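The structure appears right after this line, and notes come after that.
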Number of protein chains: 2
Amino acid sequence: MATIYEVSKLAGVSLATVSRVINKNPRVSDKTRQKVLDAMAELGYRPNSIAQSLASNISNSVGILVSELHGPFFGQMMAGIESELRAAGKHVIITTGHSEEDKEKDGIEFLISRNCDAIILHVEAVSDAYLIDLCKGKMPVYFMSRLVEGLNDHCISLDNELGGYLATQSVIAQGHSTIAYIAGPQFKADAKDRLAGHKRALAESNIPFSDTLYFEGDFKETGGSDGLNHFLESKQEFSALICANDEMASGAITYARERGFSLPKDLSIIGFDNIIFARHTYPKLTTIDNPVNLMGTMAAKLVLKNIYKQKNMSITHSFEPTLITRDSLICKS
Amino acid sequence: MATIYEVSKLAGVSLATVSRVINKNPRVSDKTRQKVLDAMAELGYRPNSIAQSLASNISNSVGILVSELHGPFFGQMMAGIESELRAAGKHVIITTGHSEEDKEKDGIEFLISRNCDAIILHVEAVSDAYLIDLCKGKMPVYFMSRLVEGLNDHCISLDNELGGYLATQSVIAQGHSTIAYIAGPQFKADAKDRLAGHKRALAESNIPFSDTLYFEGDFKETGGSDGLNHFLESKQEFSALICANDEMASGAITYARERGFSLPKDLSIIGFDNIIFARHTYPKLTTIDNPVNLMGTMAAKLVLKNIYKQKNMSITHSFEPTLITRDSLICKS
DNA sequence: TGTTAGAATTAAACCGTTAAAATTCAAAGT
DNA sequence: ACTTTGAATTTTAACGGTTTAATTCTAACA
C-alpha cells in the first residue's frame with residue numbers, strides 16, 4: 001500500500017501538504033491540491049487509519065460492547081447505533097462481554113487500547129463502582145440500557161420498572177389474579193427492575209406475590225419452557241403468565257402448546273421487548289415495547305453531539321416502555 | 001494513559017526491554033522482568049494497541065463485513081466467528097455493507113485501513129471480478145456464504161443449490177404438485193442458487209416452473225406476506241409454499257392465518273436457514289438447516305490456521321444443508 | 001521600488017510502539 | 001590474564017501519519 005511519502009514524492013510536494021489535502025484543510029492552493037489528488041489516484045493511495053489515529057489521537061470510530069452478537073435485542077441495538085454513526089462517517093468497533101465480569105472488562109480494555117473516540121457499553125456483570133471509576137478516565141464512556149447512579153448524562157436507559165409495572169397491570173386489568181412470573185437473571189439490572197415493577201403492580205391491586213409462582217429464567221427460549229414446566233409440575237393454578245422478555249415468552253408459548261394448552265384461552269401470556277418476531281408467534285404476542293433500536297440511535301447521537309461536536313442534536317436520555325396489544329393476552333374467562 | 005516510556009523510566013531500563021516483557025520475549029532476565037512488571041502495575045500501564053499495530057504491522061484483530069447487524073442469520077454468523085477468534089485471543093472489528101455495492105466497498109476499505117490481519121467478508125452486491133482483484137492485494141481475504149470462482153480456498157460456503165433442491169424435493173415427496181415459490185433478491189448469489197435448486201427438483205419430477213407461482217421477495221418478513229398476498233390475489237391454486245428463507249416463511253405463516261387459512265391443513269410451508277425462531281412459529285416451521293454458526297467458526301479457524309499459524313485446524317470449506325422436519329409441511333390432502 | 005501582510009508551503013518534532021543493529025556484561029575456554 | 005562467546009540490554013531507526021513553528025512566495029500598497 002502506498003504511503004503518504006510516495007504520494008508527496010510523486011506530486012513533488014511535502015508530506016505536510018499531502019496531509020492537508022487528505023484532511024481537507026483549505027490552506028492549500030487549487031493547483032497543488034489537484035497535483036496531490038492526481039498522485040493519490042495514480043498510486044491508489046488510501047490513508048492508513050492506524051497511523052492517523054496514532055498521530056492525531058482521533059480514530060473516527062466508536063467502540064461498542066454488547067453482551068452477545070446474536071439475538072434480536074442486541075441486533076436491533078447495534079443496528080441503531082451503527083446506522084446513525086455511519087451516516088456521520090464514523091465507524092464502529094464491536095466486541096462482546098458475554099455478561100461475564102472478566103470478559104466485559106477485557107472488552108472494555110480492548111476498546112480503550114484501540115483508541116476509540118468514545119465507547120458505548122451494554123454491560124451487565126460489572127459493578128456500578130467500576131463504571132464510575134471508568135468514567136473518571138480519559139475515554140468518554142456511555143451506557144446503554146443501564147442507569148448508573150450519578151452518571152445520568154452518560155446513560156440512555158429504559159424505565160424497566162415502569163415496563164414491568166405496565167405488563168402486570170395490563171394482565172390484572174384483564175381480570176387475572178393468579179399470575180405466574182418468569183424473571184430474567186437477577187444479576188442484570190433490567191431484569192431486576194422489571195420484577196420490581198411487577199411487584200408494585202401486584203401490591204397496588206392487593207395481590208400477594210407468591211414465591212411459588214415465580215421462576216428465574218435465563219432470558220432465552222429455554223427459560224420460558226423451563227419456567228412453565230416448573231409451574232406446571234408444581235400444580236399451581238394460574239391464568240396468566242408474564243415473561244420478562246419475548247424470547248422466554250416464545251419458549252413458553254411453544255411449550256404450552258406442546259403440553260396441550262389452547263392459547264390464549266387456557267393461558268394468557270405477555271412478553272417484554274417487542275422483538276421483531278413477537279408478531280410471528282401464535283397467538284401474536286402481546287408485549288411491552290422496548291425501543292432499543294431508537295435508543296441505539298440516541299446513544300449514537302449522544303456521542304455525535306458530545307465528542308464530534310455536531311450541532312442540533314436533541315438528546316433523550318430516558319425512554320418509556322409502552323404496551324403493545326396483540327392476541328396473547330385476553331380476559332380471564 | 002501511561003506510555004512505555006514512563007514505564008521504562010520508572011523501571012530504570014530501556015524501551016526495548018519493556019517492549020520485550022510486553023511481548024513475552026524470553027531474552028530478559030527474571031530480575032529485570034520483575035522490575036518492569038512492577039513498574040507497569042504501579043502505573044496501570046496498558047499497551048496502546050494502535051501503536052503496536054503501526055509498529056509491528058500486526059493487529060491481532062480480524063475484520064468482518066456483514067450485510068446487517070441485526071437479523072438471526074447474521075447474528076449467528078458473527079457469533080460463530082467471534083467466539084472462535086476470541087478464544088484464541090484475537091479480536092473482531094465489525095462493519096456493515098447493507099448489501100449495497102458502495103457501502104460494501106467502503107466497509108472493505110475501512111477494514112483494510114484499520115490494519116486488520118485478515119478480513120472475513122459476507123458481501124452480496126460486489127462483483128466476483130472485484131473480489132478476485134481484492135485477493136491479489138496484500139490483505140488476506142476470506143468469504144462467507146459465497147463461492148468465488150477460482151478462490152475456493154478462501155471460501156466457506158453452503159451448497160445453496162442443493163438446499164433449494166432439498167426443500168422442493170421434500171415438498172414434492174409429500175404429494176404436492178402446485179407449488180408457489182417466494183425467492184430472495186436475485187442479485188444475491190444464495191437466493192439465485194436456491195431458486196436454481198428449486199427448478200432442478202421441479203424438472204426432475206416433470207413439474208413445469210410457472211411464472212405465476214413465482215415471486216421475488218426481500219428475504220424479510222414482508223417478503224413472505226407480500227408474496228403470499230400476490231399469489232392469493234392472482235387466484236392461483238397451490239397447496240404448498242416454499243420460501244427462500246425463514247423470515248419470509250414466518251411472514252407468510254402469519255399472513256396466511258390472517259387470511260383465514262388453517263395451517264398446515266390448507267397450505268404447507270417450508271423455509272430455509274433454520275433460524276432459532278423457526279421452532280416458535282405455529283405450526284413449527286419445517287425448513288432447511290443452514291449451519292451458519294458453524295460456518296462462522298470455520299471461517300475463524302481458517303484465518304487462525306492461515307494467518308496466525310495455529311496447528312491442528314482441520315478446515316471444511318463446503319457445507320451441506322439438511323432437511324429439518326417439523327410441522328409446517330404435511331401430505332397433500 | 002521597497003515593504004509588508006497574508007497565504008502557501010516546508011521542515012522537523014511527535015504519537016507509542018517494535019525491531020535490527022550495536023553495545024555491554026559475565027562466564028567459560030585456553 | 002586474555003580472548004571468545006552468548007545472553008542481556010541499549011541505541012536508534014523505523015511504522016505512516018499530524019501538527020506547530022519557521023520559511024518562502026505573492027500580490028498589494030505606499
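In what follows, every chain begins at residue 1, and chains take the letters A, B, ... in the order their sequences are listed. None of the values given here were measured: they were computed from a predicted structure.
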- Message: Within the supplied structure, the quantity of interest is the number of heavy atoms (other residues, nucleotides, ligands) at a distance under 6.0 Å from A:Phe187 CZ; does it exceed 12?
- Response: yes

Show me, pair by pair, the donor-acceptor contacts under 3.5 angstrom made by side chains of residues 44-51 of chain B, not counting sequence neighbours?
from: B:Arg46; atom 1: NE; to: A:Glu109; atom 2: OE1; distance (Å): 2.9
from: B:Asn48; atom 1: OD1; to: B:Ile50; atom 2: N; distance (Å): 2.8
from: B:Asn48; atom 1: OD1; to: B:Ala51; atom 2: N; distance (Å): 3.1
from: B:Ser49; atom 1: OG; to: A:Ser113; atom 2: O; distance (Å): 2.8
from: B:Ser49; atom 1: OG; to: A:Ser113; atom 2: OG; distance (Å): 3.1

- Donor-acceptor contact present, side-chain B:Asp117 to main-chain B:Val62, <3.5 Å: no

- Task: Kindly say if A:Ser19 contacts the phosphate of D:dT18, meaning a side-chain N or O under 4.0 Å from OP1 or OP2.
- Result: yes

- Message: Ignoring hydrogens, what is the shortest heavy-atom contact between A:Asp153 and A:Leu302? Give both atom names and the distance.
- Response: O-CD2, 3.7 Å

- Query: Is A:Val18 touching bases, backbone alone, or none of the nucleic acid, heavy atoms closer than 4.0 Å?
  - Reply: nothing

- Compute whether any side-chain donor of one residue and acceptor of the other, for B:Asn115 and B:Ser53, lie under 3.5 angstrom apart. yes

- Task: Verify whether one side chain among B:Gln34 and B:Asp38 offers a donor that lies under 3.5 Å from an acceptor in the other.
- Result: yes

N/O to N/O distances under 3.5 Å, protein versus nucleotides 20-25 of chain D:
none

- Query: In residues 109-117 of chain A, which residues come under 4.0 Å of DNA chain C by heavy atom?
  - Reply: none

- Query: Are side-chain heavy atoms of A:Met295 and A:Met77 found at a separation under 4.5 Å?
  - Reply: no

- Message: Measuring from atom CD1 of A:Ile156 to atom CE of A:Met298, what distance do you get when rounded to the nearest 0.5 angstrom?
- Response: 6.5 Å

- Task: Please report the shortest heavy-atom distance between A:Glu82 and B:Leu69, naming the atom on each side.
- Result: CB-CD2, 3.4 Å

- Report yes if some heavy atom in the side chain of B:Ile108 is under 4.5 Å from a heavy atom in the side chain of B:Tyr130; otherwise report no. yes

- Below 4.0 angstrom, N of the basic side chain to O of the carboxylate: do A:Asp193 and A:Lys188 qualify? no

- Query: Looking only at side-chain N and O atoms, does A:Asn23 come under 4.0 Å of OP1 or OP2 in D:dT18?
  - Reply: yes

- For D:dT10, take OP1 and OP2 only and decide whether either is under 4.0 Å from a side-chain N or O of B:Ser14. yes

- Message: Once you apply a heavy-atom cut-off of 4.0 Å, does A:Thr17 come out as touching a base, just sugar-phosphate, or nothing?
- Response: base

- B:Asn306 and B:Tyr142: side-chain donor and acceptor closer than 3.5 Å? yes

- Item | SB check B:Asp128 B:Arg146 (cutoff 4.0 Å) | yes

- Query: If an axis is fit to five pairs at each end of the helix from C:dT1-D:dA30 to C:dT30-D:dA1, what is the angle between the two, to the nearest 10°?
  - Reply: 60°

- chain B vs DNA chain C, heavy-atom contacts under 4.0 Å, first-to-last nucleotide span, 5' to 3', is C:dG16 to C:dA19

- Query: Strictly by modelled atom types, are B:Glu68 and B:Thr96 linked by a side-chain donor-acceptor pair under 3.5 Å?
  - Reply: no

- Side-chain atoms of B:Ala55 come closest, of D:dC15, D:dT10, D:dT19, to D:dC15

- Which residue lies more 5' along DNA chain D, comparing A:Pro47 with B:Gly12 via nearest heavy atoms: B:Gly12

- Query: Could you state the CD-P distance from B:Gln52 to D:dG17, rounded to the nearest angstrom?
  - Reply: 20 Å

- Message: Among A:Lys105, A:Lys103, A:His98, exactly one meets side-chain hydrogen bond (donor to acceptor under 3.5 Å, both in side chains) together with A:Glu101. Which residue is that?
- Response: A:Lys105

- Message: Using a 4.0 Å cut-off on heavy atoms, which residues in residues 24-43 of chain B reach DNA chain D? List them by number, or say none.
- Response: B:Arg27, B:Val28, B:Ser29, B:Thr32

- For the residue pair B:His91 and A:Phe110, does the interplanar ring angle fall in the parallel (under 30°), tilted (30 to 60°) or perpendicular (over 60°) class? parallel

- Query: In whole angstrom, what separates B:Leu15's CG from D:dT9's C1'?
  - Reply: 12 Å

